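Working notes, beginning with the structure itself.
Everything quoted here is computed from the prediction, not taken from an experiment. The figures that follow rest on heavy atoms only: side chains count, while hydrogens, waters and symmetry mates do not. A, B, ... follow the sequence lines: proteins, then strands. Residue 1 opens every chain.
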Amino acid sequence: METRHTKIGFESRVLKIVSQIPEGQTLSYKDVAVLAGSPHAYRAVGNILNKNYDLAIPCHRVIHSDGSFGGYNRGEKQKIKILKKEGVEIT
DNA sequence: CGTATGACGTGCA
DNA sequence: GTGCACGCCATAC
């Protein structure tokens with residue numbers, strides 16, 4: 001564990017976690033919030049991804065807790081296409 | 001410091 | 001099964 005005591009921006013934590021999501025693995029905003037240390041901040045998680053248009057962040061692997069797609073800076077269709085390509089089952 | 005916003009989640013009609 | 005409203009947290013102004 002790398003010194004998580006340092007108080008960094010919540011977004012940095014979320015972005016880091018999302019950027020570490022393995023291929024074919026999808027996490028819900030809530031899961032990301034939990035991993036970020038704030039299980040009830042799933043609202044903020046979506047906000048951060050939305051404001052952070054970084055292609056280095058596989059935000060397309062982050063979906064709703066019920067399996068629905070959220071949104072994507074490149075287009076919802078693109079997100080679905082990528083997930084399907086990764087081998088993610090779409091309900 | 002207080003208000004408003006948002007790529008959510010859950011519950012209820 | 002679908003749609004609407006409320007509640008939660010963090011950030012921006």
What pairs with Ser38(A) under side-chain hydrogen bond (donor to acceptor under 3.5 Å, both in side chains), at least two apart in sequence or on another chain? none
Measure CG/Asp66(A) against C1'/dG11(B) and give the value in whole Å, please. 13 Å
Quick note, salt bridge (Lys or Arg N to Asp or Glu O under 4.0 Å) partners involving residues 52-68 of chain A, not counting sequence neighbours, are Arg61(A)-Glu86(A)
Could you tell me how far apart Tyr53(A) (OH) and dG6(B) (P) are, to the nearest whole angstrom? 11 Å
Run the ring pair (Phe, Tyr, Trp, His ring centres under 6.0 Å) test against Tyr42(A) and tell me which residues pass, sequence neighbours left out. none
Can a side chain N or O of His64(A) be found less than 4.0 Å away from OP1 or OP2 on dA7(B)? no
Report each atom pair, protein N/O against N/O of nucleotides 2-4 of chain B, whose distance is under 3.5 angstrom.
none

Please name all residues satisfying ring pair (Phe, Tyr, Trp, His ring centres under 6.0 Å) with Phe10(A), sequence neighbours left out, ordered by chain then number. none
Between Phe69(A) and His64(A), is the ring centroid distance below 6.0 Å? no
Among residues at least two apart in sequence or on other chains, which ones pass side chain to side chain contact (heavy atoms under 4.5 Å, CB included) with Gln78(A)? Tyr72(A), Arg74(A), Lys81(A), Ile82(A)
Return the set of residues passing side-chain hydrogen bond (donor to acceptor under 3.5 Å, both in side chains) with Asp31(A) (not counting sequence neighbours), or none when no residue passes. Ser28(A)
Quick tally for nucleotides 8-13 of chain C: nucleotides whose base has a protein heavy atom under 4.0 Å get B, sugar-phosphate-only ones S, the rest -, giving BBBSS-
Sequence-distant partners of Ser19(A), side chain to side chain contact (heavy atoms under 4.5 Å, CB included), two or more places apart: Ile57(A), Pro58(A)
Just how far, in rounded Å, is P of dA7(B) from CD1 of Ile82(A)? 19 Å
Closest-nucleotide ordering on DNA chain B, the 5'-leading residue of Asn52(A) and Lys30(A): Asn52(A)
Using a cut-off of 4.0 Å on non-hydrogen atoms, how would the nucleic acid contact of Gly70(A) be classed: base, sugar-phosphate, or nothing? nothing
